[in-house]
Enquirer: 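Quick one: this structure, given as structure tokens, is what I'll be asking you about.
Just so it is clear, the values below take in all heavy atoms, side chains as well, and ignore hydrogens, waters and symmetry mates. Atoms within each ligand, like the ligands themselves, are counted from 1 in listed order. Here the structure is a predicted model, which means the values were calculated and not measured.
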Amino acid sequence: MRPFLPEERLGSLLALLGHWGEVYGPVTTGDGVTAFRPVSDPGQLRLEYRRTLIPPKRFLLPPRETILTYSPDAGYQPLDTAQPALVLFGLHPCDLQGIAYLDRVFLEGVVDTSYRRNRQALTIIGLSCEPDEFCFCGAAGADLPAGCDLFLQRTPAGFFVTAGTMKGEEICDRSAQLFTLRQPAGTTPWHHPLADAICRGCAAGETFPDNPLWDRFAERCLGCGACSACCPTCYCYDVLEQGGLDGQAAERLREWDNCLFKSHGEVAGGVNFRRSRRERLQYRFLHKYYGFGALRGVISCVGCGRCRAVCPVEIDLAALFEGEDHDRQ
Ligand code: SF4
Ligand code: SF4
């Protein structure tokens, strides 16, 4: 028997979660896109959503943030203001894996203090999902994906609840009066065959150097960078100094960069490591599937399907593993 939250008590759980911070969940915005926004009423939530346009990495790595301040007296100083506490409600297993991946990058070894400050402000509530034609993750169907404090397995009548951290256990304790006990029917982990093909390809060190798909993709890629901006694990950034109008105070800013942009590979002396679109596409692909894998034993694509869904010319790099360009145009 497991704790079960009946659907009609979801509003009570949202109210209770307010104790841990302002609650953000998946909603449809006025622009018609799905995004995480403040919610107070379960009627605002789009629990059946597949993916948000911008992944939850924006709460950990905002598109632009101040990471240091400068004054002539104190020099460079880290920000000492705490981030407001937020509860992210309804993250799918792919996005939870994405956060677990970013945690490895920014919290293991040399700790990124800005990321840690943002991460510590979050309470994360996961939600099971139904994959669509763009998804190819290997984690859907898991009872408790990594990276969340609490995970809700959705059923037609409500949610099986599993705590993943001590904070999750505390949330369960405080909301125990909302739960009943039910026998789970047993879920079968959903594993996309493409996720298996990618694992096999990566294990074999397959880098597709001569695949003609590279040329076909490079011919039609617009270099817009949407595939990277919407990726939950892409974290390339640029660092800028911004002086104040008084000529004294200044800030050091971090903002998203994008390896699909030509400027990303520029270095001093007019040299560019990746002048051609083919090189830039290959760079992104090889970093996703091989660069991180060799270092940490996991690939950095979580199969969320965003890059497949948003590319305006329907480039699907995962097609390299399938051996054909689906060419959905
Ligand atoms: S590479 Fe594409 S499918 Fe993989 S995590 Fe990034 S956006 Fe999702
Ligand atoms: S979204 Fe498509 S067109 Fe835009 S940079 Fe990525 S692969 Fe190229």
Enquirer: Please report the C-alpha distance between Asp149 and Thr165 in whole Å, then the side-chain angles of each, then the deciding distance to 0.1 Å, and finally whether the side chain to side chain donor-acceptor pair (under 3.5 Å) criterion is met.
Expert: CA-CA 5 Å; Asp149 295 299; Thr165 61; 2.7 Å; yes
Enquirer: What verdict does the side chain to side chain donor-acceptor pair (under 3.5 Å) test give for Arg37 and Thr29, after you've listed the backbone C-alpha separation in whole Å, the side-chain angles of each residue and the deciding distance to 0.1 Å?
Expert: CA-CA 8 Å; Arg37 292 282 190 273; Thr29 68; 5.2 Å; no
Enquirer: I need the nearest protein heavy-atom contact for atom 4 (Fe) of ligand 2: residue, atom name and distance, please.
Expert: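 Sorting protein heavy atoms by distance from atom 4 (Fe) of ligand 2 puts Cys224 SG, 2.3 Å first.
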Enquirer: Quick one: does Phe134 get within less than 4.0 Å of ligand 1, heavy atoms only?
Expert: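 Judged by the 4.0 Å heavy-atom criterion, Phe134 does not count as contacting ligand 1.
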Enquirer: Between the main-chain N or O of Cys304 and the side-chain N or O of Arg51, is there a donor-acceptor pair closer than 3.5 Å?
Expert: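 Present.
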Enquirer: Which protein heavy atom lies closest to atom 5 (S) of ligand 2, and at what distance to 0.1 Å?
Expert: Gly225 N, 3.2 Å
Enquirer: Under a 3.5 Å distance rule, please check whether His92 uses its side chain to pair with a backbone N or O of Gly126 as donor and acceptor.
Expert: no
Enquirer: Which atoms of ligand 2 are found less than 4.0 Å from any heavy atom of Gly223?
Expert: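 Atoms satisfying the 4.0 Å criterion: 5 (S), 8 (Fe).
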Enquirer: Using a 6.0 Å distance limit plus a 45 degree cone around the ring axis, check whether Arg274 lies over the aromatic ring of Tyr283.
Expert: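 Yes; both conditions hold, so Arg274 lies above the ring face of Tyr283.
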Enquirer: Answer yes when Arg116 and Asp103 have at least one side-chain N-carboxylate O distance shorter than 4.0 Å, and no when they do not.
Expert: no
Enquirer: What protein heavy atom sits nearest atom 6 (Fe) of ligand 2, and how far off is it?
Expert: Cys227 SG, 2.4 Å
Enquirer: Should the pair Lys57-Asp95 be classified as a salt bridge under the 4.0 Å nitrogen-to-oxygen rule?
Expert: no
Enquirer: Please write down residue, atom name and distance for the protein heavy atom closest to atom 3 (S) of ligand 2.
Expert: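 For atom 3 (S) of ligand 2, the nearest protein heavy atom comes out as Leu222 N, 3.3 Å.
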Enquirer: In the hydrophobic clustering that connects Ile, Leu, Val, Met, Phe, Trp and Tyr at side-chain heavy-atom distances below 4.5 Å, which members other than Leu79 occupy its cluster, ordered by chain and number?
Expert: none
Enquirer: Between Arg280 and Arg275 (side chain of the first, backbone of the second, donor and acceptor by atom type, cut-off under 3.5 Å), is there such a pair?
Expert: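 Yes, the answer is positive, given that a donor and an acceptor are paired below the 3.5 Å cut-off.
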Enquirer: Which ligand 2 atoms, with their elements, are less than 4.0 angstrom from a heavy-atom of Cys311?
Expert: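 Listed by number with element: 1 (S), 2 (Fe), 3 (S), 7 (S).
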Enquirer: Under 4.0 Å from any heavy atom of Val313, which atoms of ligand 2 are there?
Expert: 3 (S)
Enquirer: Side chain, backbone, both or neither: which part of Arg284 has a heavy atom under 4.0 Å from ligand 1?
Expert: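 It is the side chain that touches ligand 1; the backbone stays farther off.
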Enquirer: Quick check on contacts: which atoms of ligand 2 are under 4.0 angstrom from a heavy atom of Leu260?
Expert: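 Here the atoms of ligand 2 in question are 5 (S).
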Enquirer: Would Arg50 pass as a cation-pi partner of Phe134, given that its NZ or CZ must be under 6.0 Å from the six-membered ring centre and within 45 degrees of the axis?
Expert: no
Enquirer: So, with waters excluded, how many protein N/O/S atoms does atom 8 (Fe) of ligand 1 have closer than 2.8 Å?
Expert: 1
